S.K.: 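Sharing a structure with you now.
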Amino acid sequence: MRDSVQSAIERKALSEERLTREEVAFLLADADLHWLGGLAHEVRTKLHGDNTYVVANRHINYTNVCRNRCLFCSFSADAGDDNAYFLQPDEIVESLKTDGVAGLREFHIVGAIPPREMADYGYFRGILTALREAFPEVQLKAFTAVELEWMAELSGMSVRDTLIDLKKAGLDAMPGGGAEVFAEDVRSRICPDKISGGEWLSVHRTAHELGIPTNATMLYGHIETPEQKAAHLLQLYDLQAETGGFQAFIPLAYHPVGNRLGGEFTTGVEDLRHLAASRIALHNFPHVKAYWVEFGLKLAQVMLLWGADDMDGTVGRELIYHAAGASAPKGVTISELAGIIRGAGLKPVVRDALYRDMREYEPAGEDAQEV
Ligand code: V47
């Protein structure tokens, strides 16, 4: 029985056919781990050979002041809290100039949902225009679907018109945060004030229609079931089949420190299982990331042989996972990432935010930031 389920999944994954919800739930909950890793690596190798992508990037978290206060989030704060902060666009530019941006290809810009009196639409747009003007060579991957919906509300424009306007201001691509698990039953318990799963998907559909590539995520390891995760992955699969606008999927392991939800860290085995199952289920996504900030560099390296083809980037100063108990460094250099990739027997390829302009990593002159 198990053999026939496995061979049906193998055939579908390698011939680009949609898996069923039962099959994806089987991958997430029951499948033999070695078989799972082997098949995920086959899917990854079919798409990319040994190529393993990295970007010299810098994460920018413009504020932690948030109206939503999701129960799993350890980063957000209320306006009056001691740790609350709010950066103006010129302060962001100044701090980047101080740190240096030589060699950077991408800014990854996400924050929170500050109250209306704190930030209007012009504030968010101003972050893009200030960065584009100061650093025209660095691509802007900015704002989750959650931030986008809020900006549309602030601007009085539709999501489509807001995206068109942000694109004019310099938006190149969108990150995949805020997806969590789409099931309403989960959202009402862990992020009751956040946009719905349907709204998240709709913002990404609109971005794709406008030629703005986006990423997708799934937050696992809290209160969700394998069936809910399987449904989440297949909703992503279906949108990708419709638009082709997703670049990368990033599985996000829940971190339990410093928030109201509490609970446990995921284990390494669970992390490998979720990564491999996602790679197999989402065989129509070009890239799956091993975001080393969540897992540490050693497990992220193993993940490159379990379905991941991308390590995200140098990151610079990570705040969201470190607030929630992450023990990885806050940033690394491109040469460190390249060494980790070569140590897995794979080929490091440097990329930009749009997976264009790619070439094999060469040590001379590539080190964007020593952190
Ligand atoms: O949206 C928040 C998650 C996300 C916790 O698109 C938590 O390239 C675990 O989306 N434990 C932000 N996860 C990170 C993210 C991301 C990261 C790297 C690359 C890209 C990309 C996207 O982190 C949030 C939320 O889903 N998160 N709190 C926590 N305690």
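Ligands are counted one by one from 1 in listed order, and the atoms in each one are counted from 1 as well. Keep in mind it's a predicted model, so treat the numbers as computed, not measured.
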S.K.: Report, in ascending order of atom number, the atoms of ligand 1 lying under 4.0 Å from any heavy atom of K141.
M.R.: 8 (O), 21 (C)
S.K.: Please list, in number order, the atoms of ligand 1 under 4.0 Å from a heavy atom of P175.
M.R.: 6 (O)
S.K.: Are a donor atom and an acceptor atom from the side chains of D310 and Y291 found within less than 3.5 Å of each other?
M.R.: no
S.K.: Using 4.0 Å as the upper bound for N to carboxylate O, is an ion pair formed by R116 and E153?
M.R.: yes
S.K.: At a 4.0 Å cut-off, with the gap strictly under it, does some heavy atom of G325 reach an atom of ligand 1?
M.R.: no
S.K.: Regarding atom 21 (C) of ligand 1: of the candidates I250, L261, T214, which has the closest heavy atom?
M.R.: I250
S.K.: Please work out whether any backbone atom (N, CA, C, O) or any side-chain heavy atom from C-beta onward of F72 is under 4.0 Å from ligand 1, and answer side chain, backbone, both or neither.
M.R.: both
S.K.: Any N or O on H255 sitting closer than 3.5 Å to an N or O of ligand 1?
M.R.: yes
S.K.: Among all the protein's non-hydrogen atoms, which is closest to atom 12 (C) of ligand 1, and how far away is it?
M.R.: I320 CD1, 4.2 Å
S.K.: Using a 4.0 Å heavy-atom cut-off, which part of A248 comes near ligand 1: side chain, backbone, both, or neither?
M.R.: neither
S.K.: Distance to 0.1 Å, residue and atom name: give those for the protein heavy atom nearest to atom 15 (C) of ligand 1.
M.R.: L252 CD1, 4.1 Å
S.K.: Using a strict threshold of under 4.0 Å (side-chain N to carboxylate O), is an ion pair present between E360 and R342?
M.R.: yes
S.K.: If you have a sec, work out which protein heavy atom is nearest atom 24 (C) of ligand 1 and how many Å separate them, to one decimal?
M.R.: G178 N, 4.2 Å
S.K.: Hey, is Y321 touching ligand 1 through its side chain, its backbone, both or neither, going by heavy atoms under 4.0 Å?
M.R.: side chain
S.K.: Going by distance alone, is a donor N or O of one side chain under 3.5 Å from an acceptor N or O of the other, for E10 and W35?
M.R.: yes
S.K.: Report yes if some N/O of N215 lies less than 3.5 Å from some N/O of ligand 1; otherwise report no.
M.R.: yes
S.K.: Give the residue and atom name of whichever protein heavy atom lies nearest to atom 17 (C) of ligand 1, and the separation in Å to one decimal.
M.R.: Y291 CE2, 3.5 Å
S.K.: Going by an N to O cut-off under 4.0 Å, is there a salt bridge joining D172 and R132?
M.R.: yes
S.K.: Do F249 and L354 land in one hydrophobic cluster if side-chain heavy atoms of ILVMFWY residues count as linked below 4.5 Å?
M.R.: no
S.K.: Just so I know, are the side chains of V101 and F107 near enough to count as touching, which here means a heavy-atom distance under 4.5 Å?
M.R.: yes
S.K.: One thing to verify: whether E242 and R205 come together as a salt bridge, which I'm taking to mean a side-chain N less than 4.0 angstrom from a carboxylate O.
M.R.: yes
S.K.: Among all protein heavy atoms, pick the one closest to atom 22 (C) of ligand 1 and tell me residue, atom and distance.
M.R.: H108 CE1, 3.7 Å
S.K.: Counting N and O atoms only, with roles assigned by atom type, does the side chain of D81 sit under 3.5 Å from a partner on the main chain of N83, one being a donor and the other an acceptor?
M.R.: no
S.K.: Is the contact between E294 and ligand 1 made by the side chain, the backbone, both, or neither, using heavy atoms and a 4.0 Å cut-off?
M.R.: neither
S.K.: Just to confirm my output: which protein heavy-atom neighbour is closest to atom 25 (C) of ligand 1, and how far is it?
M.R.: E180 OE1, 3.5 Å
S.K.: Any carboxylate oxygen within less than 4.0 angstrom of a Lys/Arg side-chain nitrogen, looking at K46 and E16?
M.R.: yes
S.K.: Examine the proximity of ligand 1 to D312 and report which part, side chain or backbone, both or neither, has a heavy atom under 4.0 Å away.
M.R.: side chain
S.K.: Please list, in number order, the atoms of ligand 1 under 4.0 Å from a heavy atom of L219.
M.R.: 7 (C), 9 (C), 13 (N)
S.K.: Using a 3.5 Å cut-off on N or O atoms only, is T217 in polar contact with ligand 1?
M.R.: no
S.K.: Tell me which part of A324 gets within contact of ligand 1: side chain, backbone, both or neither, using heavy atoms under 4.0 Å.
M.R.: side chain
S.K.: Quick one: sort the F182 and H232 rings into parallel, tilted or perpendicular, breaks at 30° and 60°.
M.R.: parallel
S.K.: Are E318 and K330 within salt-bridge range, i.e. N to O under 4.0 Å?
M.R.: no
S.K.: Between Y254 and ligand 1, is there a nitrogen or oxygen pair with a distance under 3.5 Å?
M.R.: no
S.K.: Among protein heavy atoms, which lies nearest atom 10 (O) of ligand 1, and at what distance?
M.R.: G177 CA, 3.1 Å
S.K.: Given 3.5 Å as the limit, does a donor-acceptor pair link the side chain of D99 with the main chain of L96, or not?
M.R.: no
S.K.: Would you say Y53 and D312 are linked by a side-chain donor-acceptor pair, where the criterion is simply a distance under 3.5 Å?
M.R.: no
S.K.: Side chain, backbone, both or neither: which part of T144 comes within less than 4.0 Å of ligand 1 when only heavy atoms are counted?
M.R.: neither
S.K.: Will you find, in the side chains of Q139 and D352, an N or O donor that is under 3.5 Å from an N or O acceptor?
M.R.: yes
S.K.: Is there at least one pair of N or O atoms, one from G176 and one from ligand 1, spaced under 3.5 Å apart?
M.R.: yes
S.K.: Should you measure from each heavy atom of K289, which atoms of ligand 1 turn up under 4.0 Å away?
M.R.: 8 (O), 21 (C)
